[in-house]
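Fair warning: this is a prediction, and the values are worked out from it, not measured in the lab. Keep in mind that the numbers below use all heavy atoms, side chains included, and drop hydrogens, waters and symmetry copies.
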Amino acid sequence: MSLDSLKSRIPDYAKDLKLNLGSVIGNSELPTQQLWGTVLATAIASRSPIVLRELEPEAKANLSPEAYQAAKAAAAIMAMNNVFYRTRHLLSDHEYGTLRAGLRMNVIGNPGVEKVDFELWSFAVSAINGCGMCLDSHEQVLRKAGVERETVQEAFKIASVVQAIAVTVDTEAVLAE
């Protein structure tokens with residue numbers, strides 16, 4: 001299971017996705033840990049068993065055990081936070097924004113890897129999950145830490161391609177049944 005195996009599952013009508021996958025991973029200027037942590041976290045966030053099965057082994061091979069766990073933790077905590085904060089934001093009653101969240105989020109303060117890496121992965125997962133508040137929050141932390149816009153964009157390019165491939169290969173798997 002690998003990147004090439006995943007590419008082989010992408011149908012001809014989605015050739016652009018195949019090319020984009022090779023580009024966002026193969027031509028990325030992100031350091032290895034940031035790249036593969038983003039790939040793993042977004043593969044998890046895509047909710048696609050196929051995508052996760054194909055990308056996880058390569059991500060695991062390219063990440064330290066700590067980074068591997070932290071990327072999974074970013075996907076897990078953002079699965080909760082993106083629903084919570086997106087709902088708060090979408091409700092027309094803004095009083096919900098003044099209430100205490102009361103949810104544990106300790107991993108954000110101590111992720112076991114560089115804070116910038118964890119923030120980047122959290123940002124990418126938030127792009128898939130569509131939480132504007134979380135996107136803004138993580139982007140501001142990244143920019144304040146000196147991360148360039150191009151790096152932030154790399155993360156959401158990866159998220160968009162991984163998500164599009166997940167939709168496509170899962171659709172094809174269902175139609176093949």
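Not a single donor-acceptor pair under 3.5 Å links the side chain of Trp36 to the backbone N or O of Lys60. Of the possible polar contacts, none joining the Ser137 side chain to the Met133 backbone as a donor-acceptor pair under 3.5 Å is found. Arg47 contributes a side-chain N or O that, together with a main-chain N or O of Ala45, makes up a donor-acceptor pair within less than 3.5 Å.
Contact check for Asn106 versus Asn110: no side-chain heavy atoms found under the 4.5 Å cut-off. No side-chain heavy atom of Leu135 sits less than 4.5 Å from a side-chain heavy atom of Phe156. Using a 4.5 Å heavy-atom threshold, the side chains of Leu30 and Ile158 count as touching. Looking at heavy atoms from C-beta onward, Leu40 lies out of side-chain contact with Leu55 at the 4.5 angstrom threshold.
Residues Tyr85 and Ala101 approach most closely at OH-CB, 4.1 Å, considering heavy atoms. Looking at every heavy atom in both residues, Val152 comes nearest to Leu120 through CA-CD1, 4.3 Å.
Applying the salt bridge (Lys or Arg N to Asp or Glu O under 4.0 Å) test to residues at least two apart or on different chains, the pairs with a partner in residues 88-117 are Lys115-Glu119. Listed by first and then second residue, the side chain to side chain donor-acceptor pair (under 3.5 Å) pairs involving residues 142-170 are Ser28-Glu154, Ser48-Asp170 (not counting sequence neighbours).
Residue Met80 holds its CE atom at 12.5 Å from CG of Asn129, rounded to the nearest 0.5 Å. Here the straight-line distance linking atom CD1 of Ile77 with atom CG of Asn82 works out to 10.0 Å at 0.5 Å rounding. Going from atom OG of Ser8 over to atom NZ of Lys18 covers 7.5 Å, rounded to the nearest 0.5 Å. Within the model, atoms CG of Leu52 and OG1 of Thr42 stand 10.0 Å from one another, a figure rounded to the nearest 0.5 Å. The distance from atom CG of Leu21 to atom CG of Leu6, rounded to the nearest 0.5 Å, is 5.5 Å.
Following chains of ILVMFWY side-chain contacts shorter than 4.5 Å, one cannot reach Ile128 starting from Ile44, and the two form parts of different hydrophobic clusters.
For the side chain to side chain donor-acceptor pair (under 3.5 Å) with Ser5, the qualifying choice from Glu54, Glu58, Arg53 is Glu54, the only one to do so.
A search for salt bridge (Lys or Arg N to Asp or Glu O under 4.0 Å) contacts involving Lys72 returns nothing, not counting sequence neighbours.
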